[in-house]
A.B. asks: 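My questions will all concern the structure given below.
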Amino acid sequence: MEVLLLQSRDNKGKLYIVSTGPGSLLQMTPGALKTLGEAECVIGNKFYLDLVTPMLAKKEVITSSMGQEVDRAKKALELAEDRVVAMVSGGDAGVYGMASIVLEVAERSGATVPIEVVPGVTAAVSAAARLGSPLSGDYITMSLSDLLTPWEEIERRLDLAFQMRVPVVLYNPRSRGRPHNLGVAIGIARRHLPAGTPVGVVKNAYREGEERLITTLGGFEEHFTFVDMHSIVFIGGEETRIWRDEGYERGIITPRGYHRKYVY
Ligand code: SAH
């Protein structure tokens with residue numbers, strides 16, 4: 001019995017943690033689409049499942065809520081004992097996503113189920129494309145969510161990050177539960193960067209309701225209410241600039257440094 005069970009685990013079941021990108025199926029990698037297409041069972045939270053609805057026909061679909069990540073991880077591992085399961089995670093599953101909790105739960109429980117993480121396009125990258133090229137070189141990402149990291153620690157890291165004077169991307173910038181974190185983060189940025197520093201916000205990149213805003217660090221406060229859970233915020237570094245064309249903000253550019261080497 002024991003041997004059979006182990007064999008059936010090894011032969012049949014597998015858990016894929018599938019990154020679904022920013023939202024549009026067109027921004028999912030072919031590898032992620034193929035994996036999702038081949039899965040017998042798909043598990044994820046409603047928001048991300050809804051974004052991949054066309055891929056879910058004829059599959060067993062298990063919807064789990066936000067805040068239930070540990071249970072979802074356990075459930076997925078259990079289901080994957082004898083079938084091919086895809087757990088969906090937005091953007092890239094390894095970036096403020098589901099990959100680590102699934103691996104931790106598997107490690108702790110000694111699960112023998114094979115697990116594969118399928119990479120995807122994270123919001124920093126997809127939203128950057130909507131703004132032009134605000135990242136280009138070295139940059140830092142931070143999450144302003146203090147659900148899993150103490151706020152004092154986030155503040156300490158923000159202070160160090162802005163001292164680098166490279167672009168800083170803020171995930172989870174503002175939610176109803178913590179509307180003030182963004183203001184505090186911008187206050188910290190102002191200690192190290194001038195008021196004219198470019199700021200970009202992309203809301204719902206590659207999804208319905210996509211919007212973008214380009215402003216400066218000094219002028220950002222009046223736009224805080226524009227920012228929500230589905231937005232990502234870019235604070236420029238010391239070399240970042242806004243590309244203006246007859247008063248219209250075409251985008252944000254952080255030069256990579258070609259101007260130091262070539263004439264163009
Ligand atoms: N794993 C995801 C991030 C999850 S954290 C990834 O790699 O993208 C959730 C945060 O990501 C949101 O609060 C928002 O800041 C950002 N985000 C995710 N998708 C986004 C999108 N399509 N447009 C703008 N921001 C997005």
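Both ligands and their constituent atoms are indexed starting at 1 by order of listing. Fair warning: this is a prediction, and the values are worked out from it, not measured in the lab. Just so you know, residue 1 is the first one in the sequence shown, and it goes up from there.
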A.B. asks: What's the shortest distance from atom 23 (N) of ligand 1 to any protein heavy atom, and which residue and atom give it?
C.D. replies: A205 N, 2.9 Å
A.B. asks: Does a side chain donor of either T254 or S136 reach within less than 3.5 Å of an acceptor in the other side chain?
C.D. replies: no
A.B. asks: Any side-chain donor paired with an acceptor under 3.5 Å for Y96 and S145?
C.D. replies: no
A.B. asks: Measuring from non-hydrogen atoms of Y206 to any atom of ligand 1, is the shortest distance under 4.0 Å?
C.D. replies: no
A.B. asks: Evaluate E38 against K14 for side chain to side chain contact (heavy atoms under 4.5 Å, CB included), listing each step before the verdict.
C.D. replies: CA-CA 11 Å; E38 287 171 3; K14 180 156 179 177; over 6 Å; no
A.B. asks: Can you list the atoms of ligand 1 that are under 4.0 Å from a heavy atom of P22?
C.D. replies: 22 (N)
A.B. asks: Should R207 be counted as touching ligand 1, given the test is an N or O pair under 3.5 Å?
C.D. replies: yes
A.B. asks: Between A93 and ligand 1, is there a nitrogen or oxygen pair with a distance under 3.5 Å?
C.D. replies: no
A.B. asks: Please state which protein non-hydrogen atom is closest to atom 24 (C) of ligand 1 and give its distance, to 0.1 Å?
C.D. replies: H230 O, 3.1 Å
A.B. asks: Return yes or no for this condition: an N or O of G90 is under 3.5 Å from an N or O of ligand 1.
C.D. replies: yes
A.B. asks: Where is the tightest heavy-atom contact between I154 and M142, given as atom of each residue plus distance?
C.D. replies: O-CE, 3.7 Å
A.B. asks: Please report which non-hydrogen protein atom sits nearest to atom 26 (C) of ligand 1, along with the residue it belongs to and the distance in Å to one decimal place.
C.D. replies: A123 CB, 3.5 Å
A.B. asks: So which protein heavy atom does atom 11 (O) of ligand 1 come closest to, and at what separation?
C.D. replies: Y171 CD2, 3.4 Å
A.B. asks: Check this for me: does any side-chain nitrogen of one of E40 and R83 sit under 4.0 Å from a carboxylate oxygen of the other?
C.D. replies: no
A.B. asks: Side chains of S64 and N45: do they bring a donor and an acceptor to under 3.5 Å?
C.D. replies: no
A.B. asks: Can you confirm whether D138 is buried at CG, in the sense that more than 12 heavy atoms of other residues, nucleotides or ligands lie under 6.0 Å from that atom?
C.D. replies: no
A.B. asks: Tell me whether H259 at atom NE2 has more than 12 heavy atoms from other residues, nucleotides or ligands lying less than 6.0 Å away.
C.D. replies: yes
A.B. asks: Is there at least one pair of N or O atoms, one from G97 and one from ligand 1, spaced under 3.5 Å apart?
C.D. replies: no
A.B. asks: Does an N or O from N172, backbone or side chain, lie closer than 3.5 Å to an N or O of ligand 1?
C.D. replies: yes
A.B. asks: So, E208 versus N204: side-chain donor-acceptor pair below 3.5 Å or not?
C.D. replies: no
A.B. asks: Heavy atoms only: which of T122, V227, L51 lies closest to atom 6 (C) of ligand 1?
C.D. replies: T122
A.B. asks: Any nitrogen or oxygen of V202, main chain or side chain, under 3.5 Å from a nitrogen or oxygen of ligand 1?
C.D. replies: no
A.B. asks: Could you tell me, atom by atom, which parts of ligand 1 come under 4.0 Å of a heavy atom of V95?
C.D. replies: 1 (N), 2 (C), 3 (C), 6 (C), 7 (O)
A.B. asks: I'd like to know if the side chain of K46 reaches the main chain of T63, judged simply by a donor and an acceptor atom lying under 3.5 Å from each other, with no hydrogens or angles considered.
C.D. replies: no
A.B. asks: Ring of F224, cation from R174 - is the NZ or CZ under 6.0 Å from the centre and inside 45° of the axis?
C.D. replies: no
A.B. asks: With nothing but distance in play, are any N or O atoms of D92 less than 3.5 Å from an N or O of ligand 1?
C.D. replies: yes
A.B. asks: Measuring from the heavy atoms of P173, does anything fall under 4.0 Å of ligand 1?
C.D. replies: yes
A.B. asks: Given the rule that I, L, V, M, F, W and Y join up when any side-chain heavy atoms are under 4.5 Å apart, are V113 and V88 in one cluster?
C.D. replies: no
A.B. asks: Can you report which non-hydrogen protein atom sits closest to atom 13 (O) of ligand 1, along with the distance?
C.D. replies: M229 O, 2.6 Å
A.B. asks: Identify the protein heavy atom lying closest to atom 4 (C) of ligand 1, giving its residue, its atom name and the separation to 0.1 Å.
C.D. replies: Y96 O, 3.4 Å
A.B. asks: Below 3.5 angstrom, do we get any N/O pair linking V121 and ligand 1?
C.D. replies: no
A.B. asks: Out of curiosity, is S231 lining ligand 1, as in a heavy atom under 4.0 Å away?
C.D. replies: yes
